[in-house]
Amino acid sequence: MLAELLNPKGTHGLKDEFLKEFTTLLTIENFDTKSAKVQIEKSIGHTTETDGGRVDIIISDCNNCAIIIENKIYASDQNAQLIRYDNYGKQKFKENYKILYLTLDGKEATINSAGGIKYASISYEEHILIWLENCLKLSVKRPLVRETINQYISTIKQLTNQDVNTTNKNEVIQEILSNQTNFKAALSIIENSKALEDEIITNIFKNQLEEIAKKLNIDFGGDLLKRTKSSGFYFQKTNWKFFKIGFEFDQRNNTFTNLIYYLLHKDVKETIPSETINELSKAFGKHND
């Protein structure tokens with residue numbers, strides 16, 4: 001859907017109008033939208049440590065400039081993914097390319113994927129929705145295109161938790177502002193939201209994890225209240241020599257999102273047998289925790 005709207009030869013019939021709006025919004029300069037060619041799932045060769053893979057969307061123009069889009073909704077980053085795309089960009093487009101890392105909320109790519117390369121993080125909840133609203137105005141005389149974009153906007157709002165009825169939201173706001181008691185109560189809720197979150201974590205979530213550990217006859221530990229992005233927990237058996245099974249939330253302050261799991265080395269002084277590493281590599285990959 002995204003690629004079709006960005007394509008000057010797309011079925012929307014508005015030529016490069018949508019693409020032009022996109023480049024303007026993201027301040028992508030010196031890109032010839034009229035001559036643009038859009039490719040999806042573009043193979044850039046056999047995947048190695050530094051090259052290859054499949055790029056979600058590549059938009060290139062007659063001046064050999066390119067926009068490389070990596071579209072991440074619920075998928076995790078692949079090893080050296082953006083690094084490989086960056087190497088392809090250098091080889092194919094010299095310095096005339098821009099990598100966009102598109103996610104629902106605009107999060108950064110992992111260091112394992114990006115490794116210090118230059119790219120821009122953009123989001124569905126902000127950049128794409130703003131762009132689509134602008135596209136609606138451009139398609140005012142094309143009812144089918146307009147309604148299709150409207151449906152797309154609704155889908156994105158659902159995915160980004162923005163589909164609350166505006167009327168209901170306004171009613172709640174007006175109710176809060178209607179008298180001093182309601183206003184003070186609302187402020188009190190806001191001020192105590194962290195304490196409420198901690199109470200839920202300590203007395204509900206943590207209790208459930210402890211019950212799971214007890215049923216499985218395994219040990220449970222970890223700091224779920226740590227105010228960092230590495231907040232998490234782990235399970236282990238007392239006779240396990242090398243590892244714990246760890247769970248971490250990559251974005252602690254964003255309502256516990258991006259849950260990852262991994263094997264945590266219990267003691268860095270203890271050398272892990274090579275045969276163990278070889279077996280784990282089959283499941284986790286060479287550079288994956």
Side-chain angles (χ1 to χ4, degrees), residues 1-73 75 77-104 106-124 126-135 137-139 142 145 148-149 152 156:
M1 181 64 181
L2 192 63
E4 182 67 16
L5 290 175
L6 289 170
N7 191 352
K9 296 180 180 178
T11 54
H12 50 75
L14 284 162
K15 298 183 178 180
D16 67 330
E17 289 299 307
F18 294 158
L19 179 57
K20 192 186 303 179
E21 193 65 38
F22 186 79
T23 56
T24 299
L25 177 68
L26 297 176
T27 321
I28 298 173
E29 300 174 342
N30 303 317
F31 191 86
D32 184 34
T33 56
K34 291 186 183 299
S35 65
K37 176 185 176 183
V38 178
Q39 296 171 286
I40 60 172
E41 291 293 323
K42 166 71 173 174
S43 173
I44 57 172
H46 175 69
T47 303
T48 68
E49 291 291 319
T50 57
D51 300 289
R54 283 187 176 274
V55 182
D56 290 332
I57 303 174
I58 293 183
I59 310 170
S60 55
D61 70 4
C62 61
N63 299 316
N64 204 37
C65 297
I67 302 167
I68 299 171
I69 303 176
E70 175 54 29
N71 186 31
K72 289 285 185 193
I73 296 186
D77 286 353
Q78 298 173 23
N79 179 52
Q81 189 169 22
L82 293 191
I83 295 172
R84 289 185 274 113
Y85 298 170
D86 188 54
N87 288 336
Y88 171 76
K90 289 175 183 174
Q91 181 184 10
K92 178 76 174 177
F93 305 106
K94 307 304 179 188
E95 298 298 321
N96 303 318
Y97 66 95
K98 186 165 188 174
I99 296 176
L100 303 179
Y101 185 72
L102 172 59
T103 61
L104 290 176
K107 69 178 181 180
E108 298 289 323
T110 62
I111 191 69
N112 187 47
S113 171
I117 69 156
K118 189 176 180 181
Y119 71 95
S121 292
I122 62 173
S123 71
Y124 276 96
E126 180 185 353
H127 303 92
I128 298 301
L129 280 180
I130 291 172
W131 170 64
L132 289 172
E133 293 289 351
N134 292 340
C135 290
K137 298 172 186 176
L138 295 171
S139 59
R142 294 178 180 265
V145 176
T148 302
I149 293 173
Y152 191 30
I156 291 172

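Here, residue 1 is the first one in the sequence, and each next residue gets the next number.
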Which pair of non-hydrogen atoms, one from Ala109 and one from Ala114, has the smallest distance, and what is that distance? CB-CB, 4.1 Å

Flag yes if more than 12 heavy atoms outside Glu41 fall under 6.0 Å of its CD atom; otherwise flag no. yes

Sorted by chain and residue number, the salt bridge (charged side-chain N to carboxylate O under 4.0 Å, His left out) partners of Asp56 (sequence neighbours excluded) come out as none

Do Asp61 and Thr33 make a side-chain contact, defined as non-hydrogen atoms from C-beta onward lying under 4.5 Å apart? no

CG-CD1 distance between Asn112 and Ile83, expressed to the nearest 0.5 angstrom: 7.5 Å

Which pair of non-hydrogen atoms, one from Thr110 and one from Asp77, has the smallest distance, and what is that distance? N-OD2, 2.9 Å

Could you check Asp86 against Lys118 for side-chain contact (heavy atoms from CB on, under 4.5 Å), going step by step and ending with a plain yes or no? CA-CA 8 Å; Asp86 188 54; Lys118 189 176 180 181; 5.9 Å; no

What residues form a ring-ring contact (aromatic ring centres under 6.0 Å, His included) with Tyr124, not counting sequence neighbours? none

Is the CD1 atom of Ile40 crowded by more than 12 outside heavy atoms at less than 6.0 Å? no

Pairing residues for Asn63 by the side chain to side chain donor-acceptor pair (under 3.5 Å) criterion, not counting sequence neighbours: none

Would a distance-only check, ignoring hydrogens and angles, find a side-chain to backbone donor-acceptor pair under 3.5 Å from Tyr88 to Val55? no

Using the ring-ring contact (aromatic ring centres under 6.0 Å, His included) criterion, which residues pair with His12? Sequence neighbours excluded. Phe18

Under a 3.5 Å distance rule, please check whether Ser113 uses its side chain to pair with a backbone N or O of Leu82 as donor and acceptor. yes

Once you round to the nearest 0.5 Å, how far does OG1 of Thr24 lie from CG of Leu19? 9.0 Å

Nearest heavy-atom approach of Lys72 to Ala75 is CD-O, 3.7 Å

With a 3.5 Å distance limit and no angle check, can you tell me whether Asp16 reaches the backbone of Lys20 through a side-chain donor-acceptor pair? no

Any chance you could measure Lys15, atom NZ, to Lys9, atom NZ, to the nearest 0.5 Å? 12.0 Å

Identify the residue among Ile68, Leu2, Asn71 that makes a side-chain contact (heavy atoms from CB on, under 4.5 Å) with Ile57. Leu2

Please report the closest heavy-atom contact between Ser139 and Ile149, naming both atoms and the distance. OG-CD1, 3.9 Å

Just by modelled atom types, is the Thr50 backbone N or O under 3.5 Å from a matching donor or acceptor in the Asn87 side chain? yes

Are Ile67 and Thr23 close enough, and set up right, to give a side-chain contact (heavy atoms from CB on, under 4.5 Å), and what steps lead you there? CA-CA 9 Å; Ile67 302 167; Thr23 56; 4.0 Å; yes

Roughly how far, to the nearest 0.5 Å, is the NE2 atom of His127 from the CG atom of Leu25? 6.5 Å

Going from CD1 on Ile111 to CD1 on Ile117, what distance comes out if it is rounded to the nearest 0.5 angstrom? 10.0 Å

For Tyr85 and Arg54, indicate whether the former's side chain and the latter's backbone hold a donor-acceptor pair under 3.5 Å. yes

Which residue, Glu70, Glu108, Lys98, forms the side-chain hydrogen bond (donor to acceptor under 3.5 Å, both in side chains) with Tyr119? Glu108

Check side chain to side chain donor-acceptor pair (under 3.5 Å) between Glu17 and all other residues, then give those that pass, not counting sequence neighbours. none

For Thr148 and Leu5: C-alpha separation, side-chain torsions, deciding distance, then whether side-chain contact (heavy atoms from CB on, under 4.5 Å) applies. CA-CA 10 Å; Thr148 302; Leu5 290 175; over 6 Å; no

Excluding sequence neighbours, so at least two apart, what forms side chain to side chain donor-acceptor pair (under 3.5 Å) with Thr11? Glu4

Just how far is it from atom CD1 of Ile69 to atom CD1 of Ile99, taken to the nearest 0.5 Å? 11.5 Å

pair Leu100-Phe22: side-chain heavy atoms closer than 4.5 Å: yes

Heavy-atom pair of closest approach, residues Lys107 and Ser121: O-OG, 3.5 Å

Heavy-atom closest pair, residues Ser60 and Phe31: C-CZ, 4.0 Å

